> 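Before anything else, here's the structure in question.
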There are 2 protein chains.
Amino acid sequence: MSKYYPNEDRQLLAVDCVIFGFDDHELKLLLIKRNMEPGKGLWSLMGGFPKRCEGLDQAAERVLKQLTGLENVYMEQLYAYGEVDRDPGERVVSIAYYSLIKIGDYDKELVRGFDAHWVPVSEIPELVFDHSVMVDKALRRLRRRARIQPIGFELLPEKFSMPELQSLYEGIFQKELDKRNFRKKILSMGFLDKLVEKDKSSSKKGAFLYKFNPEKYQELLSKGFYFSLDV
Amino acid sequence: MSKYYPNEDRQLLAVDCVIFGFDDHELKLLLIKRNMEPGKGLWSLMGGFPKRCEGLDQAAERVLKQLTGLENVYMEQLYAYGEVDRDPGERVVSIAYYSLIKIGDYDKELVRGFDAHWVPVSEIPELVFDHSVMVDKALRRLRRRARIQPIGFELLPEKFSMPELQSLYEGIFQKELDKRNFRKKILSMGFLDKLVEKDKSSSKKGAFLYKFNPEKYQELLSKGFYFSLDV
DNA sequence: AATAATAGTGTATTTTTAACACTTAAATCT
DNA sequence: AGATTTAAGTGTTAAAAATACACTATTATT
């Protein structure tokens with residue numbers, strides 16, 4: 001034991017990941033069937049235990065990579081859950097993270113191995129421990145963030161059409177938006193590059209594709225610009 | 001050790017409290033001189049170690065009470081800090097909280113005992129470990145929260161005048177506000193009760209006192225009202 | 001050539017925000 | 001008693017932002 005703090009309790013830590021994706025006009029969550037006791041077989045968030053020599057963020061990234069194969073994706077710490085009895089197995093303090101991934105990028109093999117499934121946020125089953133509370137908080141955080149930061153693009157392919165983008169925000173905010181006002185607002189911000197290509201997968205006419213331009217966004221930020229979508 | 005999770009590291013947990021007060025037209029922070037190694041004698045947030053049988057919120061409340069004697073005050077979890085080397089004594093994951101107290105309510109004896117001092121946020125000294133990072137995050141969180149929730153009242157006495165309230169928000173947002181627009185906005189929300197008493201401490205004319213009415217606020221919330229101050 | 005399906009566009013109205021200066025009340029001073 | 005000082009209190013106007021709303025354009029399919 002350490003020469004400082006010799007008399008304090010050492011406790012078990014966990015990280016749990018709320019993983020969001022967007023597909024088929026719906027916001028979805030990647031859930032697994034828990035493969036250990038307590039709670040074996042129940043729906044659960046993907047989680048893990050930070051090592052003594054591992055930062056929390058690092059642990060969360062490791063856990064995300066374990067399930068999806070992905071690195072360097074949007075990830076934010078959500079909240080630390082520390083009720084004494086939240087895990088019936090032992091007192092475990094869990095630090096929850098949420099991440100936004102481009103659905104389609106993840107490693108299908110890995111996901112199958114963990115018996116994981118994409119579930120629309122409108123149909124989330126009962127989850128083990130306090131994971132439902134985490135999901136609820138993650139959803140509310142995502143909605144708040146999406147109003148003030150351009151994080152929607154983390155959930156879309158690099159190239160996306162205006163109708164796709166609008167549909168994403170409608171999924172996040174659970175609200176229909178006016179397409180003229182939406183286009184006007186988002187394009188007036190000036191960080192989207194319009195491409196010459198069209199996406200013809202969902203209409204005969206085809207919709208022009210756009211790309212988020214991070215340099216332009218940074219440039220705007222440095223000039224005092226604030227992203228804001230009012231829904 | 002437990003029958004579940006037998007092979008995982010148990011680690012040291014801490015809670016640290018960013019304690020805000022408002023006085024003399026300034027937002028202030030209650031800081032202590034750390035009384036143990038490592039970092040003995042340095043400026044620090046008040047902290048403590050959650051027991052195995054104690055929830056995180058509970059631990060934070062205990063720590064706050066230890067220093068201020070106060071209970072049932074506004075307190076919110078801020079963030080979990082988990083860099084491996086953040087505390088040179090040992091790997092410690094610290095969950096930071098921030099609280100808003102009515103300055104003047106705290107227990108002067110206790111505070112003297114801990115060698116604690118109220119420091120204006122504009123003059124915060126260098127702090128031990130990553131406590132400056134915590135303070136910075138707390139300030140930004142407070143500013144964000146104060147725009148969308150009526151938490152300013154937690155920092156004022158029960159009865160306060162309009163100029164006091166405005167001065168508080170100016171202190172939080174670090175920005176001068178127009179008094180006519182401020183009054184109009186805040187009074188139009190409809191959750192303040194105007195009293196017949198006046199506060200004559202800062203002018204000959206005296207300023208009418210107001211009280212925050214939580215019932216009216218709840219009533220408004222249930223009708224779909226959203227608090228919002230644009231600064 | 002007609003049809004069907006989604007993409008794309010502009011304007012008028014309402015609401016919200018921002019800017020701005022004088023009057024009022026009461027204690028203090030002469 | 002009257003003048004002075006100090007902060008409290010009050011409304012209006014102009015600008016900007018948000019909202020509501022309906023038709024045309026493109027192209028694959030029949």
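Computation of the quantities below employed the complete heavy-atom set of this structure, encompassing side-chain atoms and omitting hydrogens, waters and symmetry-equivalent molecules. Because the structure is a prediction, the values reported are computed rather than measured. By convention in this document, chain letters (A, B, ...) are assigned in the order of the sequence lines, proteins followed by strands, and residues within each chain are numbered from 1.
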> With sequence neighbours excluded, give me every side chain to side chain donor-acceptor pair (under 3.5 Å) pair touching residues 145-157 of chain B.
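Listed once each, the pairs are Glu76(B)-Arg145(B).
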> Under a criterion of less than 4.0 angstrom to any heavy atom of chain B, what are the 5'-terminal and 3'-terminal contacting nucleotides of DNA chain D?
dT5(D) to dT12(D)
> Quick one: side chain to side chain donor-acceptor pair (under 3.5 Å) partners of Lys194(A), sequence neighbours excluded?
none
> Flag the pair Trp118(A) / Phe22(A) as yes when their ring centroid distance falls below 6.0 Å, and as no otherwise.
no
> Is there any side chain to side chain donor-acceptor pair (under 3.5 Å) pair reaching into residues 17-27 of chain B, and which pairs are they, with sequence neighbours excluded?
His25(B)-Ser167(B)
> Taking the ring of His117(A) and the ring of Trp43(A), is the distance between their centroids below 6.0 Å?
yes
> What contact category does Asp230(A) fall into here, base, sugar-phosphate, or nothing, at under 4.0 angstrom with non-hydrogen atoms?
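Sugar-phosphate contact only.
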> Tell me whether the centres of the aromatic rings in Phe160(B) and Phe153(B) are closer together than 6.0 Å.
yes
> For Tyr210(B) and Phe208(B), I'd like to know if the aromatic rings sit close, meaning centre-to-centre distance below 6.0 Å.
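No, they do not, as the ring centres are separated by 6.0 Å or more.
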> Identify the 5'-most and 3'-most nucleotides of DNA chain C with at least one atom closer than 4.0 Å to a non-hydrogen atom of chain A.
dA4(C) to dT11(C)
> Please check: side-chain N/O of Lys108(A) versus main-chain N/O of Gly104(A), any donor-acceptor pairing under 3.5 Å?
yes
> In residues 185-209 of chain B, which ones come under 4.0 Å of DNA chain D, going by heavy atoms?
Ser202(B), Ser203(B), Lys204(B), Lys205(B), Gly206(B), Ala207(B), Phe208(B)
